[in-house]
Trainee: 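Mind looking over this structure? Questions follow.
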Number of protein chains: 4
Amino acid sequence: MSSVAARRIAGNTHRRAPEIIEAAARVFAERGYHGASTQAIADVLGIRQASLYYYFASKEEALEQVCMMGGEGFVERAVAIAAGPGAAVDKVRALIHAHLSPLLDRRDFVLVFLRERHHLPDESRRRVGRLARRLERIFQEVLEAGVRAGEFPAELDCRLATLALLGMCNAAPGWYGKEPGATVERIAAEFGRLAVDGLRGETR
Amino acid sequence: MSSVAARRIAGNTHRRAPEIIEAAARVFAERGYHGASTQAIADVLGIRQASLYYYFASKEEALEQVCMMGGEGFVERAVAIAAGPGAAVDKVRALIHAHLSPLLDRRDFVLVFLRERHHLPDESRRRVGRLARRLERIFQEVLEAGVRAGEFPAELDCRLATLALLGMCNAAPGWYGKEPGATVERIAAEFGRLAVDGLRGETR
Amino acid sequence: MSSVAARRIAGNTHRRAPEIIEAAARVFAERGYHGASTQAIADVLGIRQASLYYYFASKEEALEQVCMMGGEGFVERAVAIAAGPGAAVDKVRALIHAHLSPLLDRRDFVLVFLRERHHLPDESRRRVGRLARRLERIFQEVLEAGVRAGEFPAELDCRLATLALLGMCNAAPGWYGKEPGATVERIAAEFGRLAVDGLRGETR
Amino acid sequence: MSSVAARRIAGNTHRRAPEIIEAAARVFAERGYHGASTQAIADVLGIRQASLYYYFASKEEALEQVCMMGGEGFVERAVAIAAGPGAAVDKVRALIHAHLSPLLDRRDFVLVFLRERHHLPDESRRRVGRLARRLERIFQEVLEAGVRAGEFPAELDCRLATLALLGMCNAAPGWYGKEPGATVERIAAEFGRLAVDGLRGETR
DNA sequence: CATGAATGAGCATTCATTCAT
DNA sequence: GATGAATGAATGCTCATTCAT
């Protein structure tokens, strides 16, 4: 690694770095990683394609940075909610709300994290994939605690319920912004109710 | 027009055509449309790259065929269920079951339909996209009928609920096969219960 | 590795392969490996640059092929000479002659072997480098045998003498063809005499 | 003209100039001119790539400076030896010694002069090439004088013998430092003997 | 049916170089 | 003296596609 690259990773002192990585996120989100050319990213920024390489060492590294920003915070917020006091139903509502909130300011990053992270090279894919698995586990543990507390029926398949919840939430970045009237608050409220009622399961 | 071209346009009387398109589906599902090279498809089949062009005129056409097969049947099955007799809750369960059933034998096709269809050229993308929108509408109409029938609370946001249901179901092709014990029947049963209970909403 | 590439290496059934690799040898010899563009090689052949990649998988692989052809035969011929009967002085003359003879029909290949092989990636560089070291050893052993037989003085530094002989010979590809009247036979004869007399060393 | 440019042209009053050019020599020697990036030179020095341009106007100019330093002195020393008194055999020994002595403190420069000078642009290549040709001529004239003096046999091909001597000597920078025990003095002594005895040619 | 050979277009990346600070 | 930022030009390489056989 050249000394320039070394410093870049260590510090990221580049003034325009955030702007550049946001452009990458936008283009990756729109066209997918392999469908996105570095030229397209440069066009968004109004700079030459070669100039991008002043900011990242490779397209793959740019994807990794976008994915990291798309994935970060989820686990922390979820941990805080799960570890806090309160009933499982309240935690589920809070988890859903927290999970949807990055839609507001980081939709592209989240979308890329969800859809494109498996195109990362092995090592960073695993690193980034761990985030997703930890998040799943937290959701699932909250559900399991809810079952133990008698808030949810004993027959609940917590694994499938977790996948249902995450599927529901993770689809949102795909249509958010195209559904008139669907603010993050409204989505979180409605999804929270659907989830809680579905999990309680009067049917059983 | 040569007889070869004629046959191709007429629509796939080639002996190995199903085998070929399945290979394409597999590779598109694994690597994404732009990440998949025609070479990779040929490797799966054990033939030369150039030979693929005996079966489809372009990579885009292959994607279109995969997407058509991935999307077909959904609307028909959903229409039959929605038009039939019975309560809304039963219809919702049936819709979910019908929506998940192609996982068994067409997972790759469905995955490609869900994830890669927006890489199609304009015209065929719209054609294929119509399928998705019609399906959404059917789901939503069943929910609205359920509200009118008093099965679901009047406050239910049928649009968001539809998106929740589809999000939950459409995530399944992404993890189906990796979750031990999760058969289509079990998933459909659990998701059906979650959905119905969530929609009924004892909370409200 | 794609199946196409696999077959290529295994069999090399390509009709024009020798022609292509000879063009690479010429351009590498003229401009050095890093100074040679694949475009320049294509120009020599009158084909498009991309078409080269039908014949080799990478520029590095082309260099390796050229180096292999530039280095092959030397060891075999030297072994045959060293193992044969006869006096050391005769063997030295024969070794020199054998070492110079590829000038006639493979000057570019030998030049590339001598000058550019250290630009090969680690593994193939070592493989190719072994050839050179084996050759050195054979030369040196013949000299040592000559010392033991009393043909050369005991004070002869066989290591340095080997390096002297090879240096003298290996410079020839650099000027062969530019020195009027210097045929391979004449060079071999003169260099043989210089070597033998130098080694015998009446001075000592 | 700015004073900075003036100084640069005038010729290197920069404090760190010797250090910079030595780094260039080292990198050129290791990787070849085209294989060496200016970044690699900067890395050796611990400065930024752009800062190099304070010391030379272009990579080609750096090569020229290295080549000049690698080639200078040879002709002067050779002229002094050839013009001096003494027998041809002594002059040959002295020429070889003088030719090898820069190995001690300028190996990289000499190596670059020998191997990379043909990558110079036309004009400076010719300038630098003249040095080499003059040196050859001096060697050859000493040999021819030796023949006329009866020190060497009349049949000696002085041209080929010159090329043999220079080939032998010019290979040394390639392996000097890797052969344990091979000091410049020992190499010069051994090569001198080999050369003188070879030239005298008891065989003839 | 299938393939060997070839190609045009595009792509990520490198690199020497410039210049305001 | 030295650097951060940027660039133009090239470079090695990939890939979908064509076509004669």
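These figures come from a predicted structure and were not determined experimentally.
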Trainee: Using Watson-Crick and G-U wobble pairs whose two distances are both under 3.5 Å, how do you write the pairing of DNA chain F as dot-bracket, with | for links to another strand?
Mentor: .||||||||||||||||||||

Trainee: On DNA chain F, check which nucleotide each of C:Tyr33 and A:Ile20 is closest to and give me the residue with the more 5' one.
Mentor: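 Whichever sits nearer the 5' end wins; that is A:Ile20.
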
Trainee: Given E:dC1, is OP1 or OP2 found less than 4.0 Å from the side-chain N or O atoms of B:Tyr54?
Mentor: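 No.
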
Trainee: Distance check: side-chain N/O of D:Arg16 vs OP1/OP2 of F:dA2, anything under 4.0 Å?
Mentor: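 For D:Arg16, the contact criterion (side-chain N or O under 4.0 Å from OP1 or OP2 of F:dA2) is met.
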
Trainee: Identify which nucleotide among E:dA5, E:dA12, E:dC1 has an atom closest to any side-chain atom of A:Lys59, counting heavy atoms from C-beta outward.
Mentor: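 Looking only at heavy atoms from C-beta outward on A:Lys59, the closest nucleotide is E:dA12.
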
Trainee: Start with the C-alpha distance between D:Arg125 and D:His118, add both sets of side-chain angles, then the distance that settles side-chain contact (heavy atoms from CB on, under 4.5 Å), and finish with yes or no.
Mentor: CA-CA 6 Å; D:Arg125 186 177 65 248; D:His118 48 279; 4.1 Å; yes

Trainee: Treating B:Arg26 as the side-chain partner and B:Glu22 as the backbone partner, does any N or O pair qualify as donor plus acceptor under 3.5 Å?
Mentor: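 No: the side chain of B:Arg26 does not pair with the backbone of B:Glu22.
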
Trainee: Do C:Tyr33 side-chain atoms and C:Glu60 backbone N/O form a donor-acceptor pair below 3.5 Å?
Mentor: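 Judged by distance alone, yes, a pair lies under 3.5 Å.
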
Trainee: Looking only at the side chain of B:Ile47 (C-beta and beyond, no hydrogens), which of the listed nucleotides E:dT3, F:dA16, E:dT18 gets closest?
Mentor: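 Ranking E:dT3, F:dA16, E:dT18 by closest atom to the B:Ile47 side chain puts E:dT3 first.
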
Trainee: Is it the case that the side chain of B:His119 and the backbone of A:Arg31 share a donor-acceptor pair, with hydrogens and angles ignored and the cut-off at 3.5 Å?
Mentor: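 Indeed, once roles are kept as given, a pair shorter than 3.5 Å links the two residues.
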
Trainee: Measure from the side-chain heavy atoms of B:Ala50 and tell me the nearest of F:dT3, E:dA12, E:dT3.
Mentor: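 Given the options F:dT3, E:dA12, E:dT3, the side chain of B:Ala50 is closest to E:dT3.
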
Trainee: Would you check if the side chain of A:His14 reaches a backbone N or O of A:Phe56 as a donor-acceptor pair within less than 3.5 Å?
Mentor: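 No, the answer is negative, given that no donor and acceptor are paired below the 3.5 Å cut-off.
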
Trainee: Say we look at E:dC1 and F:dT21: how far apart would their P atoms be, to the nearest angstrom?
Mentor: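 Going atom to atom, P in each nucleotide, I get 22 Å.
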
Trainee: Under the criterion side-chain contact (heavy atoms from CB on, under 4.5 Å), I'd like the reasoning laid out for A:Phe28 against A:Leu111: C-alpha separation, chi angles, the key distance, then a yes or no.
Mentor: CA-CA 9 Å; A:Phe28 288 160; A:Leu111 222 34; over 6 Å; no

Trainee: Consider the side chain of D:Tyr53, meaning its heavy atoms from C-beta on, and name the nucleotide among E:dT17, F:dG12, E:dC1 that approaches it most closely.
Mentor: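 Between E:dT17, F:dG12, E:dC1, the one nearest the side chain of D:Tyr53 would be E:dT17.
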
Trainee: Any N or O donor-acceptor pair under 3.5 Å from the base of F:dG12 to the side chain of C:Gln39?
Mentor: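 Side chain to base: no pair present.
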
Trainee: If the test is salt bridge (Lys or Arg N to Asp or Glu O under 4.0 Å), which one of C:Lys59, C:Arg127, C:Arg126 qualifies with C:Glu64?
Mentor: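 That would be C:Arg127; it is the only one of C:Lys59, C:Arg127, C:Arg126 passing the salt bridge (Lys or Arg N to Asp or Glu O under 4.0 Å) with C:Glu64.
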
Trainee: From E:dA5, E:dT7, F:dG4, pick the nucleotide closest to the side chain of C:Ser51?
Mentor: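 Of E:dA5, E:dT7, F:dG4, E:dT7 is nearest to the side chain of C:Ser51.
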
Trainee: Assign each of A:Ala36 and C:Arg48 to its nearest nucleotide of DNA chain E by heavy atoms, then name whichever residue's nucleotide is nearer the 5' end.
Mentor: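 That would be C:Arg48.
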
Trainee: Just how far, in rounded Å, is C1' of F:dG12 from CG of C:Leu63?
Mentor: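 Distance, rounded to whole Å: 14 Å.
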
Trainee: To the nearest angstrom, how far is C:Leu52 atom CG from F:dC15 atom P?
Mentor: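 Roughly 17 Å, once rounded to whole Å.
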
Trainee: Just N and O in the side chain of C:His14: are any of them under 4.0 Å from OP1 or OP2 of E:dA5?
Mentor: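 Result: yes.
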
Trainee: Rounded off to whole Å, could you give me the NE2-to-P distance for the A:His34 and F:dT14 pair?
Mentor: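 Value for this atom pair: 13 Å.
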
Trainee: Judged by each residue's nearest nucleotide on DNA chain E, which is more toward the 5′ side, D:Thr38 or A:Thr38?
Mentor: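 Nearest nucleotide further toward 5': that of A:Thr38.
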
Trainee: Would you mind reading off the distance between D:Glu60 atom CD and E:dT17 atom C1', rounded to a whole angstrom?
Mentor: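 Between C1' of E:dT17 and CD of D:Glu60: 13 Å.
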
Trainee: Just how far, in rounded Å, is C1' of F:dT11 from NE2 of C:His119?
Mentor: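 Rounded to whole Å, this separation is 16 Å.
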
Trainee: Do C:Glu116 and C:Val66 come close enough that some side-chain heavy atom pair is under 4.5 Å?
Mentor: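 Heavy-atom side-chain distance check fails, nothing below 4.5 Å.
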
Trainee: Taking CZ from C:Phe56 and C1' from F:dC13, how many angstroms apart are they, rounded to a whole number?
Mentor: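 Whole-Å distance recorded here is 11 Å.
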
Trainee: Among F:dC13, F:dT11, E:dA12, find the nucleotide with the atom closest to the side chain of A:Ser37.
Mentor: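 Among F:dC13, F:dT11, E:dA12, the one nearest the side chain of A:Ser37 is E:dA12.
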
Trainee: Tell me which residues in residues 21-28 of chain C put a heavy atom below 4.0 Å from DNA chain E, sorted by number, or none.
Mentor: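 Those residues: none at all.
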
Trainee: Measure the CZ-OH distance between D:Arg15 and D:Tyr55 for me, rounded to the nearest 0.5 Å.
Mentor: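 One gets 6.5 Å once the value is rounded to the nearest 0.5 Å.
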
Trainee: Give a yes/no on whether any side-chain N or O of D:Arg15 is located under 4.0 angstrom from OP1 or OP2 of F:dG1.
Mentor: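 Yes, because at least one side-chain N or O of D:Arg15 sits under 4.0 Å from OP1 or OP2 of F:dG1.
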
Trainee: F:dC13 base to C:Gln49 side chain: any donor-acceptor pair below 3.5 Å?
Mentor: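 Per atom types, the contact qualifies.
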
Trainee: Check whether any side-chain heavy atom of D:Tyr53 lies under 4.5 Å from a side-chain heavy atom of D:Thr38, and answer yes or no.
Mentor: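 A side-chain contact under 4.5 Å exists here.
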
Trainee: Whole-Å distance between F:dA10 P and C:Arg31 CZ?
Mentor: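 Whole-Å distance recorded here is 13 Å.
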
Trainee: If you only use heavy atoms from C-beta on, which nucleotide in E:dT13, E:dC1, E:dC15 is closest to the side chain of B:Tyr55?
Mentor: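 Nearest nucleotide to the side chain: E:dC1.
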
Trainee: Does a side-chain heavy-atom distance below 4.5 Å link A:Val27 with A:Asp43?
Mentor: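 Side chain of A:Val27 against side chain of A:Asp43, heavy atoms only: no contact under 4.5 Å found.
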
